[in-house]
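Everything quoted here is computed from the prediction, not taken from an experiment.
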Amino acid sequence: MQIDPKRARTHQEELASRVKQQEIYRATELVEKSRVYVDIESIKRALRNRLKSSYAQYKNFIAQHGKPQDEFVRTFEDVFSDLDTKESLLLVLSKVHILDEAQALTPSDIQFSAIFGEITKEFLLGDHGLNAYLSTRVRHGKFIDALRKSLMDEQLVTARGADNVYAPNFYWADRLGVDIRNAILTSLEDFTRSFDDLLLLARDRKMQIQTYFDLKGSGENKEGLLEYHFSALERRLVQQYDVEFKDFDELIVKCVDTLWEKTDANMSRVRAYLSGEFRTNVIALFDKLGAELSPLASAPGAGLLLNAIATSRTATQQALDGVIDWFRRNEVYDRQDFDVDLPPQIAASMVQRTMSMQNTWVGPNCVVDRADGKLPGRSLDALVDIFYVLMENSVKYAEGKNIPLEVNLNLSFVRGEFSGRVSSKARPPTAEDLIRLEQIRENLASQDSRRLAQSEGRSGFRKIFIALDNPLYKSKSLSFSHEASGAFLVEFRFKVAEQL
């Protein structure tokens, strides 16, 4: 086969475009499989800064005074060695509690217990721990957007306002006969409210972390499916292992291994809930809506509505299958070095997959001003998180204000320094908008802001700030403004640590 020389350039451009799309698809799939994630390197850095001296003091004390063998724990080790189980002894002991322990804690036991508690807390609730990434990659918009998408595509649901009242469904109101309009719109609103309540229950109550230290639970929410149990026996066994450890990192790794084991079990619980009780309730809502409307099937417009409901029912179940797969840990974290424009293209692909938009969006207008190399693979996920938050905000703002969606990017990566400028179309800001932005700007680095970064709703800039606060990045900066002309502008930059 010969290629027409006159069309050679066109063919080359088409081939390059296809190769690029395949690269984006593969990278998107890789990132999608990393929603359950903990940045272990960042956790190690935080723990070293905070606890390394305390751990050294503890080890010096043990070296001088010794630590007798814990015979009670040793008995468990002997018994466990004869059992055929996939669970580690630490996981087993985390659920075994001594209700009336006669052995008093020594000062070194108390010190080690505090160190052990801080390691678990950093893994679960730290800035780069499990809860932070679940908030950014699952709970913050993505879960609800993914399951609400087909309903919005079929115009079956509307937005719920701050007063808990739903906007009128003008789309179907204009397509239904006058005699059935009110009854159908009432059924649609009841369905929407019940569906949204299910999503909020799953997100705000079920997909939450609960910790139990010697049977004492933390927090008021007892419905959280991510249960982490810790016991004195587990701590004593870790303390016994620690006798052989040469440095603090070995202790961290040992604790993290057990925490991942607990996390895998918890992810299984979440999948079981979503594929069982949650799916059943979702299907029941669709069935109830169909049953209410089926007597009206012959009325003008009702047939189209019933078809839309059936289409959405199927699509929602397919979306739920995808969401269930989010709750699996990807044990292989391997990222190739990448071009500067790959993260926003992955983020745009994820937005298009999970968010409903009135008009087709081809993605952001991306201009690479300069690039003299590739970014290191470990920085990919954080950049995708940042661009996703920015694009998600842009989509929701444009849809809410009924303006065209327009996102412009200017990127560069020169001598190890990355800079990104993101501009999105917006209406001119109100005084209230400017005040709110200034309040966020003023307390962005505060401890309270870090806590809010792990919550859902109006936490986007806080999540971006935490994503940039990574040991891989140096000389970080983040700025944002709502221009009088209406454009919303975000700029951030950092230097890659390996290239300093």
Side-chain angles (χ1 to χ4, degrees), residues 135-136 139-142 144-145 148 152 157-168 170 196 200 203-204 344 347-348 350-351 354-359 361 363-366 383 385-411 419-469 476-493:
S135 178
T136 298
R139 297 193 304 255
H140 184 78
K142 296 180 180 66
I144 288 179
D145 289 341
R148 224 174 179 264
M152 295 182 69
V157 298
T158 58
R160 177 155 53 181
D163 55 0
N164 205 32
V165 175
Y166 283 88
F170 293 115
D196 285 349
L200 293 174
R203 187 194 71 179
D204 297 340
M350 294 169 66
V351 165
T354 59
M355 299 186 71
S356 178
M357 289 172 268
Q358 294 180 12
N359 301 303
W361 184 51
N365 303 312
C366 185
L383 281 171
D385 288 341
I386 290 170
F387 283 112
Y388 186 97
V389 168
L390 294 174
M391 292 183 199
E392 177 193 42
N393 286 346
S394 297
V395 170
K396 290 186 175 180
Y397 182 92
E399 294 288 311
K401 299 294 185 180
N402 195 27
I403 62 174
L405 174 60
E406 184 179 312
V407 181
N408 298 297
L409 310 178
N410 288 86
L411 311 174
S419 67
R421 183 180 190 275
V422 183
S423 174
S424 57
K425 189 178 182 66
R427 296 190 186 281
T430 64
E432 183 181 349
D433 292 334
L434 296 176
I435 291 173
R436 184 174 63 84
L437 279 181
E438 184 59 30
Q439 290 173 341
I440 294 174
R441 191 179 292 113
E442 288 178 352
N443 73 351
L444 200 55
S446 69
Q447 196 59 42
D448 187 54
S449 182
R450 290 177 180 273
R451 177 186 60 80
L452 291 172
Q454 297 190 28
S455 63
E456 286 61 67
R458 294 186 176 247
S459 60
F461 284 119
R462 296 183 174 93
K463 293 182 187 301
I464 292 173
F465 181 84
I466 295 300
L468 288 171
D469 186 23
K476 300 152 284 197
S477 68
L478 169 66
S479 63
F480 44 88
S481 60
H482 197 156
E483 304 296 310
S485 62
F488 202 96
L489 179 64
V490 178
E491 296 181 286
F492 63 99
R493 64 178 62 241

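- Judged as a side chain to side chain contact (heavy atoms under 4.5 Å, CB included), and not counting sequence neighbours, the contacts of Ser356 are Lys149, Met152, Asp153.
- Summarising the geometry of Ala167 relative to Thr158, their closest heavy-atom pair is O-OG1, 2.7 Å, with the distance given to 0.1 Å.
- Leu437 CG to His482 NE2: the interatomic distance, rounded to the nearest 0.5 Å, is 8.0 Å.
- For Arg441, the side chain to side chain donor-acceptor pair (under 3.5 Å) test picks out Glu438, with sequence neighbours left out.
- Applying the side chain to side chain contact (heavy atoms under 4.5 Å, CB included) rule to Ser477 yields the partners Arg493; only residues at least two apart in sequence or on another chain are considered.
- Annotation: ring pair (Phe, Tyr, Trp, His ring centres under 6.0 Å) contacts of Phe492 (sequence neighbours excluded): Phe387, Phe418.
- The two residues Cys366 and Leu411 have their closest heavy-atom pair at SG-CD1, 3.7 Å.
- Atom CD1 of Ile464 is separated from atom CG of Asn393 by 7.0 Å, given to the nearest 0.5 angstrom.
- Here the CG atom belonging to Asp196 is positioned 7.0 Å from the CD1 atom belonging to Ile144, to the nearest 0.5 angstrom.
- Applying the side chain to side chain contact (heavy atoms under 4.5 Å, CB included) rule to Asp385 yields the partners Tyr133, Thr136, Arg137; only residues at least two apart in sequence or on another chain are considered.
- Atoms CG and NZ, on Asp469 and Lys476 in that order, are 4.5 Å from each other to the nearest 0.5 Å.
- Relative orientation of the Phe461 and Phe488 rings is parallel, given thresholds of 30° and 60° on the angle between their planes.
- Rounding to the nearest 0.5 angstrom, the gap separating the CG atom in Leu390 from the OG atom in Ser423 is 11.5 Å.
- Looking at every heavy atom in both residues, Ala484 comes nearest to Pro428 through O-CB, 3.6 Å.
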- Message: Before you tell me yes or no, could you show the steps for Arg462 and Leu444 under side chain to side chain contact (heavy atoms under 4.5 Å, CB included), namely the whole-Å CA-CA distance, both residues' side-chain angles and the distance that decides it to 0.1 Å?
- Response: CA-CA 6 Å; Arg462 296 183 174 93; Leu444 200 55; 4.1 Å; yes
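- In plain terms, the two heavy atoms of Lys425 and Ile403 that are nearest each other are O-CD1, 3.7 Å.
- Looking only at side-chain heavy atoms (C-beta outward), Ile435 and Thr430 stay at 4.5 Å or farther from each other.
- With sequence neighbours excluded, no residue forms a side chain to side chain donor-acceptor pair (under 3.5 Å) with Asp163.
- Annotation: side chain of Met355 is not in contact with side chain of Trp361 (no heavy-atom distance under 4.5 Å).
- Of all heavy-atom pairs between Leu409 and Pro344, the closest is CD1-CB, 3.4 Å.
- When the salt bridge (charged side-chain N to carboxylate O under 4.0 Å, His left out) test is applied to Glu392, the partners found at least two apart in sequence or on another chain are Lys396.
- Partners of Tyr388 under the ring pair (Phe, Tyr, Trp, His ring centres under 6.0 Å) rule, at least two apart in sequence or in another chain, do not exist in this structure.
- Ion pairing of Asp204 with Arg139 is absent here, as no side-chain N (NZ or NE/NH1/NH2) approaches a carboxylate O to less than 4.0 Å.
- Once rounded to the nearest 0.5 Å, the distance linking CG of Asp145 with NE2 of His140 reads 9.0 Å.
- Checked against side chain to side chain donor-acceptor pair (under 3.5 Å), Ser419 has the following partners two or more places apart in sequence or in another chain: Ser412.
- Nearest heavy atoms, Ala348 versus Pro364: CB-CD, 3.7 Å.
- For Ala467, the side chain to side chain contact (heavy atoms under 4.5 Å, CB included) criterion is met by Ile386, not counting sequence neighbours.
- Under the salt bridge (charged side-chain N to carboxylate O under 4.0 Å, His left out) criterion, Glu491 pairs with Arg421, not counting sequence neighbours.
- Residues satisfying the side chain to side chain donor-acceptor pair (under 3.5 Å) test with Asn443, not counting sequence neighbours, are none.
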